[in-house]
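Below is one structure; the comments refer to it alone.
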Amino acid sequence: VYLLTKLPEHTEEDTVTVRNILFSFDEYKTEDDARKAAEDAKGELLESNCDENVFKDLALEKTGDLSTRYLGGLYENRTVSELDKEVPGISGWCFDEQRKAYDVEIIKSENGYGLVMFIEKGLPSHLATLQKTVSGEDFSELYLSYETTYKINEDEDALSSYDPRR
């Protein structure tokens, strides 16, 4: 027999989904060159009326952030603290209450200039964590079952066109 003296708790932090292209200071001769590259990419994006597919293509081609290159710069369902760790300097802009879908901004950080596109407010953090956990476990099981039966090769073309949001 169990006696609950208090209801279970979970944190109810907000999350956001954004895309980011990093124009790293390490990849450009000067800080001004990095800023100019970010401005040029923003111009291309604005000419497309902030088309998310154009952003994904630009990220694949231009980002200095290798961890999200093949995801089109996607950071999905991130809390303030997660964004601060992964992409320092953009969380204040991303979590602004006035932010709306497909807003775009260039934000300077310690690593370079980021071209950031706000996609949407995400799931509450406890649901986002649950979704990531279940997705990861399902994928791991599937991958292991395929790995024992088939030879697995990475297809760069397929990875570059992969959109996890669809």
Side-chain angles (χ1 to χ4, degrees), residues 10-28 31 34-35 37-46 48-140 142-143 154-166:
H10 59 71
T11 58
E12 194 69 38
E13 289 182 84
D14 290 333
T15 67
V16 294
T17 296
V18 299
R19 290 188 182 275
N20 180 60
I21 300 172
L22 174 64
F23 296 88
S24 173
F25 293 143
D26 294 339
E27 294 181 27
Y28 293 89
E31 193 173 303
R35 182 186 47 74
E39 288 172 352
D40 290 347
K42 183 178 180 181
E44 283 185 58
L45 190 59
L46 293 175
S48 76
N49 291 320
C50 296
D51 183 301
E52 191 174 355
N53 289 318
V54 171
F55 194 101
K56 290 189 294 187
D57 292 342
L58 287 169
L60 182 63
E61 178 186 334
K62 299 179 183 293
T63 192
D65 181 356
L66 301 179
S67 68
T68 63
R69 171 174 282 158
Y70 293 110
L71 298 174
L74 183 66
Y75 290 89
E76 190 169 28
N77 292 316
R78 297 303 203 271
T79 63
V80 169
S81 61
E82 289 171 331
L83 267 183
D84 285 341
K85 286 179 197 166
E86 296 172 320
V87 191
I90 72 167
S91 65
W93 182 84
C94 294
F95 282 89
D96 183 323
E97 287 299 317
Q98 303 304 310
R99 197 64 46 233
K100 57 187 183 303
Y102 306 108
D103 281 354
V104 176
E105 188 60 70
I106 295 173
I107 300 173
K108 183 180 177 183
S109 72
E110 61 191 40
N111 301 322
Y113 285 94
L115 177 58
V116 184
M117 175 185 269
F118 182 85
I119 305 301
E120 64 186 2
K121 291 184 179 187
L123 296 170
S125 61
H126 70 283
L127 294 178
T129 300
L130 178 63
Q131 182 184 48
K132 288 177 201 171
T133 302
V134 170
S135 298
E137 289 172 0
D138 291 347
F139 176 78
S140 296
L142 183 64
Y143 188 88
E154 287 188 10
D155 181 343
E156 290 295 320
D157 291 333
L159 285 172
S160 67
S161 64
Y162 171 68
D163 183 359
R165 297 180 43 83
R166 297 195 198 282

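Predicted, not measured: the structure shown is a model, and the values here were computed from it. As a basis for the values below, the full set of heavy atoms in this structure was taken, side chains included, without hydrogen atoms, waters or symmetry mates.
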Donor-acceptor pair, distance only, cut-off 3.5 Å: does the side chain of [X] make one with the backbone of [Y]?
X: Arg69; Y: Thr63; answer: yes
X: Arg19; Y: Leu115; answer: no
X: Thr68; Y: Leu74; answer: no
X: Glu27; Y: Ser24; answer: no
X: Asn49; Y: Asp51; answer: no
X: Arg99; Y: Trp93; answer: yes
X: Asn77; Y: Leu123; answer: yes

Flag the pair [X] / [Y] as yes when at least one side-chain heavy-atom distance between them is below 4.5 Å, and no otherwise.
X: Val18; Y: Arg78; answer: no
X: Lys42; Y: Val104; answer: yes
X: Glu44; Y: Lys62; answer: yes
X: Ile119; Y: Phe55; answer: no

Geometric class of the Phe23/Tyr28 ring pair [parallel <30°, tilted 30-60°, perpendicular >60°]: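 Tilted: the ring planes of Tyr28 and Phe23 meet at 30° to 60°.
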With rounding to the nearest 0.5 angstrom, report the [atom1] to [atom2] distance, [X] to [Y].
X: Ser48; Y: Leu58; atom1: OG; atom2: CG; value: 7.5 Å
X: Leu22; Y: Ser67; atom1: CG; atom2: OG; value: 9.5 Å
X: Ser81; Y: Glu86; atom1: OG; atom2: CD; value: 9.5 Å
X: Ile106; Y: Arg35; atom1: CD1; atom2: CZ; value: 8.5 Å
X: Asn20; Y: Leu83; atom1: CG; atom2: CG; value: 9.0 Å
X: Tyr75; Y: Met117; atom1: OH; atom2: CE; value: 15.5 Å

Which pair of heavy atoms, one from [X] and one from [Y], lies closest together, and at what distance?
X: Tyr113; Y: Ala38; result: CB-CB, 4.1 Å
X: Val16; Y: Cys94; result: CG1-O, 3.8 Å
X: Phe95; Y: Asp14; result: CE2-O, 3.6 Å
X: Ala59; Y: Gly73; result: CB-N, 3.8 Å

Steps toward side-chain contact (heavy atoms from CB on, under 4.5 Å) verdict (Lys108, Glu31): CA-CA 10 Å; Lys108 183 180 177 183; Glu31 193 173 303; 2.7 Å; yes
Under-4.0 Å salt bridge between Lys56 and Glu52: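 No.
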Derivation of the side-chain contact (heavy atoms from CB on, under 4.5 Å) call for Val87 and Ser109: CA-CA 8 Å; Val87 191; Ser109 72; over 6 Å; no
Stepwise side-chain contact (heavy atoms from CB on, under 4.5 Å) test for Leu60 and Tyr70: CA-CA 6 Å; Leu60 182 63; Tyr70 293 110; 3.6 Å; yes
Candidate pair Phe118 and Cys50, rule side-chain contact (heavy atoms from CB on, under 4.5 Å), full reasoning: CA-CA 10 Å; Phe118 182 85; Cys50 296; over 6 Å; no
